[in-house]
> 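Have a look at this one.
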Amino acid sequence: MAANGDAAQQAFGPVLAALATMQSNVDRAQKGQAHEFLEQFQKSAEAWNTNFSILQAADAAVEAKLFAATTLKGKIVYDLHQLPREALPPLRDTLLGVLAAFRAGPKPIRMQLCVCLANLAIQMTEWKDVLQVIVATLGNDPESIPCVLDFLRVLPEEVTEGRKINLTEDELIERTKELLEDNAQQVLALLGQYSRSSESAAKNPQLMDCINAWTREVPLNDIVNSPLLDTILNGLSADESFESAVECICAVIRETRDVDETINVIQTLYPRIIALRPKIEQSAEEEDTEVFKGISRVFAEAGEAWVVLISRMPEQFRDLVESVLESAARDKERDAISFTFNFWYELKQYLTLDRYMQARLQYVDVYSKLVDIMIGHLEYPKPESGDEKDLFEGDREQEEKFREFRHQMGDVLKDCCEVIGVTECLQKSYNLIEQWVSTYGPQASANNVPEWQKLEAPLFSMRAMGRMVSPEENIMLPRLMPLIVKIPDQEKVRFQAVMALGRYTPWTAEHPETLQPQLDYIMAAFNHSSREVVRAAALSFKFFCNDCANLLKDYIPQLQQFYASVLDRLPPSSQEEITDGVASVLSVQPAENAYEHLKLYCTPVMNTLMQMAQNATDDPAKLALADKLQLITIFIQWVQPYVGPGQPHPAVKYCEEVFPVLAAIAESFHDCTPILERVCRCWRYMVLSYRTAMAPLLPQLADKLAAGFTVSRQGCFLWATDAIVREFAPGVEGVDAQMTTAVYSFYEAQATAFLRALSELSPEQLPDVIEDFFRLSLDILMFYPHQAILSPLMTPILSAATTALTLLKEEPLIASLHFLRDFLSYGGESSPTSEYDNPNATNPPEIQAAVKQLIIARGEELTQRIMTGMMYTFPRDCFPDASGVLLEMFALMAPQVAMWIKTTVGMLPAGSISPQEAERLLNNINQRIASNEIRKIRTLLQDFTNSYRRRNVAPREGLGRLEASRFRFNG
């Protein structure tokens with residue numbers, strides 16, 4: 001297929017030049033031009049010959065040849081329609097010749113060419129003797145064996161990924177059978193023959209990779225009862241094949257998860273796996289980390305796969321469980337322990353079922369040892385340098401990994417609690433803490449806490465198990481709590497002690513006699529020199545107040561003094577946490593005290609807010625003001641006393657007092673988004689918390705929301721408006737017709753301001769506003785469908801929703817699509833909001849007609865926007881709603897929508913799809929319409945747009961690599 005001589009050089013010269021530009025140090029603009037040129041080249045019809053020319057050119061760089069091979073793969077997967085059918089046999093023969101030329105490498109090029117050949121084989125359905133041709137062409141030469149193995153490896157992988165290829169489902173099923181199922185025994189024989197050909201062949205990682213790839217295609221019985229099982233297991237003893245052998249045996253094990261179907265295979269595998277156990281101890285003692293990790297993974301995979309059998313036959317499978325336990329115990333570097341986490345969870349799930357109680361009793365000792373192992377692994381390292389301030393000696397990655405593993409190990413401790421009981425697990429934590437106190441306690445001082453790691457780890461374990469402990473626990477916690485509040489003042493130990501206390505606040509609420517010492521310990525921690533300890537204190541204080549609010553309700557003045565004394569010294573997140581705490585205590589007070597208490601706690605905050613607002617001239621000061629505003633909202637969220645209908649609400653009385661201050665702040669900082677968002681959040685929660693009791697404040701609130709949106713064009717004003725629409729909807733108790741009319745008029749004012757903003761600015765400048773507006777409009781459609789759909793504003797709103805579909809941001813797109821779907825649902829006979837009326841309600845004819853009239857006017861443009869979005873720009877998560885909009889349109893006027901689809905497809909760039917594909921789509925749509933199978937059109941459209949996007953829009957492979965570092969090519 002390739003051109004020759006000067007013509008070939010002329011053809012690929014510009015491609016090589018662009019590749020050189022991508023790999024050089026030229027400026028970004030030149031690289032961008034080269035990138036764009038290569039992207040267009042990859043999808044062009046000319047690329048077929050050019051790629052072969054580059055691959056066959058003696059003087060082309062190896063990077064250029066890899067690019068050509070990668071591009072050729074994309075051509076075969078996506079662009080085979082560019083070639084006439086009669087060109088496929090010559091394409092195959094040329095590809096085989098090029099593959100033979102690269103049989104000795106470089107390996108990345110050889111692998112790409114194998115992928116090319118596999119994908120051609122899938123689509124070239126008339127090629128029936130694929131394996132025979134490959135073996136006959138490449139298999140006789142020892143140098144070609146790697147080629148054959150590569151092809152055998154990628155074939156099942158590419159067939160499995162076959163949905164990206166333009167074959168029908170039936171064609172793909174048939175081709176899968178021909179290429180995989182029908183060839184399985186021949187492949188097994190070939191691999192067995194190769195494994196016996198030499199000692200080096202038996203240790204070839206490529207062989208392991210091939211067996212791995214075919215484990216799903218060859219009956220497992222045939223693999224485990226063949227010499228290949230010995231080959232795999234022997235591969236675990238050779239350095240060169242170890243990693244691939246681990247992957248391979250794990251793949252075989254995973255295929256036995258259906259234990260009842262594969263019990264014969266498991267009976268063969270089990271003793272062979274258990275025979276590997278000595279390698280755990282051996283690799284641990286030799287500090288061979290890679291072997292230890294690999295063998296640990298094999299045992300963990302076997303445990304997960306056979307967990308049902310472990311539960312049914314605990315004695316027969318105990319060796320396996322103990323092997324997993326041993327790998328966890330010997331993992332000094334904590335590199336392999338994560339492989340075991342899921343096994344312990346899965347086994348716990350079975351052992352806690354009544355039917356497996358006998359197995360649970362047999363594994364109590366294993367889980368008891370597991371608790372000891374996990375607490376041991378929780379210990380912070382002791383730095384060789386002796387620098388306690390840098391425990392990981394500058395290795396931040398190792399530190400982050402340790403922190404992550406600690407929480408995962410905490411989850412394993414929870415599993416242990418469920419199997420052996422909370423009391424025994426807590427007993428282990430207690431024993432370790434008590435042991436430390438008796439051994440090192442006398443030596444500890446403020447500046448010296450010896451062996452603190454051995455104290456901190458059991459404290460962490462206790463904290464991790466907190467969620468599992470019942471508030472009725474009366475054995476260990478009465479002994480632990482007095483011990484914890486006497487813990488010495490080392491930073492990490494104090495942090496863990498404070499956090500642990502915060503986890504047991506539901507228990508403390510049931511044991512009020514233990515509250516005071518714990519609370520004193522936590523409140524004292526607010527004066528600690530460590531910021532981490534102070535943050536922990538704020539979080540635990542919040543939990544104490546939340547869970548023990550009834551015990552603290554008589555301490556309102558004292559709590560306020562403490563709150564006022566520490567608030568401004570804390571970081572913003574901690575300020576929110578202690579505010580959340582004291583507000584929860586206020587929430588349990590009698591309703592008649594709500595105004596007085598809000599005033600007591602909030603007035604100092606409001607005074608600080610006003611001072612901050614006068615001095616907030618730079619961004620940090622404005623952000624601090626926004627953070628402080630959030631505290632008022634937290635009080636409003638918590639303090640919601642019940643007040644009977646028609647009675648003045650004490651909390652609303654306080655809202656009326658602070659409202660002018662909040663409004664003044666919003667007006668003063670109309671260009672500061674964080675402040676506006678916090679003010680609107682506060683107003684929104686006033687409505688959500690006090691609902692119709694907010695009616696006296698509603699006119700002022702609506703006025704400020706409308707004025708604020710007009711001036712700032714910030715979506716938060718629409719978000720707050722939505723709360724009013726929901727809480728003052730028709731049918732809500734205490735809301736009369738006059739009020740609902742006013743609320744709808746308020747929406748129309750906001751809609752008018754939104755449409756004006758959209759006419760003056762591009763959608764890209766208003767993504768958040770668009771999202772908030774259409775979320776608001778969704779609720780308007782729910783509560784005011786008749787007014788909204790018959791309103792003159794619906795025409796420009798529908799136009800705005802169509803325009804919004806040009807955005808690239810997911811959230812406003814989804815909001816717009818949801819609005820369109822809901823709007824279209826009113827074109828049918830049944831009422832989408834019948835639950836608000838009556839179950840048999842129907843849409844009035846004038847509503848149905850209005851929807852259809854609007855769709856006829858804007859339907860073609862809407863169809864084009866949605867199809868274009870699905871083919872080019874929509875994020876993946878938008879597809880269900882986008883196709884849902886088209887489905888709703890088909891349900892209303894199928895023939896017109898089919899014509900709009902035809903027009904849209906006809907506008908696609910020449911060559912992007914074949915005429916046959918376009919015709920097939922349209923014929924299938926018309927068939928579904930004729931057979932009244934409208935819902936099936938959705939799948940047709942999704943499949944078509946997905947295929948189009950993969951082929952014409954998604955970047956092809958190869959370009960990203962050019963901007964990375966130089967390749968390393970291995971033969």
Side-chain angles (χ1 to χ4, degrees), residues 220 224-225 229-230 232-237 242 245-246 248-260 262-286 288 291-332 336-353 355-374 376-377 412 415-416 419-420:
L220 278 181
V224 300
N225 293 314
L229 181 59
D230 286 333
I232 299 168
L233 295 173
N234 291 338
L236 295 170
S237 299
F242 177 78
V246 167
C248 190
I249 194 64
C250 287
V252 171
I253 290 168
R254 279 195 295 273
E255 290 302 308
T256 63
R257 283 179 178 268
D258 189 343
V259 294
D260 293 315
T262 59
I263 189 65
N264 292 334
V265 175
I266 294 170
Q267 287 171 344
T268 304
L269 278 176
Y270 183 72
R272 306 296 302 274
I273 298 297
I274 294 302
L276 298 172
R277 184 173 177 180
K279 286 182 177 288
I280 298 175
E281 181 179 2
Q282 180 187 348
S283 57
E285 289 180 351
E286 294 175 358
D288 190 335
V291 170
F292 183 82
K293 284 169 63 177
I295 296 299
S296 297
R297 182 182 163 201
V298 170
F299 280 107
E301 290 270 10
E304 283 187 54
W306 304 335
V307 66
V308 180
L309 294 178
I310 293 171
S311 305
R312 288 180 191 167
M313 298 180 280
E315 292 180 3
Q316 293 91 322
F317 282 85
R318 186 178 177 89
D319 282 348
L320 177 56
V321 179
E322 289 183 341
S323 299
V324 181
L325 186 72
E326 183 181 354
S327 72
R330 292 185 180 275
D331 187 16
K332 296 176 184 176
I337 195 169
S338 61
F339 295 136
T340 74
F341 293 156
N342 198 50
F343 166 70
W344 299 119
Y345 169 77
E346 294 287 349
L347 183 56
K348 177 266 299 185
Q349 292 289 81
Y350 284 97
L351 296 182
T352 50
L353 298 174
R355 61 171 17 174
Y356 297 120
M357 179 57 71
Q358 198 59 41
R360 180 177 180 179
L361 294 174
Q362 295 208 31
Y363 287 128
V364 162
D365 65 318
V366 170
Y367 273 85
S368 180
K369 291 174 186 174
L370 184 60
V371 176
D372 297 329
I373 291 167
M374 289 297 152
H377 282 312
V412 176
D415 296 333
C416 295
V419 176
I420 65 176

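All residue numbers refer to positions in the sequence shown, counting from 1. Predicted, not measured: the structure shown is a model, and the values here were computed from it.
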> Give, for atom CD1 of I310 and atom CG of L320, the distance between the pair rounded to the nearest 0.5 Å.
4.5 Å
> I need the I266 CD1 to I253 CD1 distance, nearest 0.5 Å.
10.0 Å
> Under the salt bridge (Lys or Arg N to Asp or Glu O under 4.0 Å) test, which residues partner R318, sequence neighbours left out?
E322, D365
> Sequence neighbours excluded, which residues qualify as side chain to side chain donor-acceptor pair (under 3.5 Å) partners of T340?
W344
> Does the S368 side chain pair with the main chain of V364, one donor and one acceptor, at a distance under 3.5 Å?
no
> Got a sec, which residues hit ring-ring contact (aromatic ring centres under 6.0 Å, His included) with F242, two or more places apart in sequence or on another chain?
none
> Taking only residues two or more places apart in sequence or in another chain, which ones pass ring-ring contact (aromatic ring centres under 6.0 Å, His included) with Y356?
Y350
> Establish, yes or no, whether a centroid distance under 6.0 Å links the rings of F343 and F299.
no
> Apply side-chain contact (heavy atoms from CB on, under 4.5 Å) to residues V308 and R257 and explain how you reach the verdict.
CA-CA 9 Å; V308 180; R257 283 179 178 268; over 6 Å; no
> Under the side chain to side chain donor-acceptor pair (under 3.5 Å) test, which residues partner D260, sequence neighbours left out?
R312
> Apply side chain to side chain donor-acceptor pair (under 3.5 Å) to T256 and list each qualifying residue two or more places apart in sequence or on a separate chain.
W306
> Sequence neighbours excluded, which residues qualify as salt bridge (Lys or Arg N to Asp or Glu O under 4.0 Å) partners of D372?
K428
> Side chains of residues 271-280: which donor-acceptor partners sit under 3.5 Å, not counting sequence neighbours?
residue	atom	partner	partner atom	Å
R272	NH1	D230	OD1	3.2
R272	NH2	D230	OD1	2.7
R277	NE	E326	OE1	2.8
R277	NH2	E326	OE1	3.2
K279	NZ	S237	OG	3.4

> With sequence neighbours left out, what residues match F292 under ring-ring contact (aromatic ring centres under 6.0 Å, His included)?
none
> Quick one: side chain to side chain donor-acceptor pair (under 3.5 Å) partners of D331, sequence neighbours excluded?
none
> Which value, rounded to the nearest 0.5 Å, describes the distance between L220 atom CG and L269 atom CG?
8.0 Å
> Measure the CG-CG distance between L370 and L325 for me, rounded to the nearest 0.5 Å.
6.0 Å
> List the residues meeting salt bridge (Lys or Arg N to Asp or Glu O under 4.0 Å) with K293, not counting sequence neighbours, and say none if there are none.
none
> Using modelled atom types and a 3.5 Å cut-off, is there a donor and acceptor pairing between side-chain atoms of Y363 and backbone atoms of L351?
no
> Quick one: CD on E255 to OG1 on T262, what's the gap to the nearest 0.5 Å?
9.5 Å
> Who passes side chain to side chain contact (heavy atoms under 4.5 Å, CB included) against R297, sequence neighbours left out?
V246, E247, C250, R254, E301, F339
> Between atom CD of Q358 and atom CD of E315, what is the distance when rounded to the nearest 0.5 Å?
8.5 Å
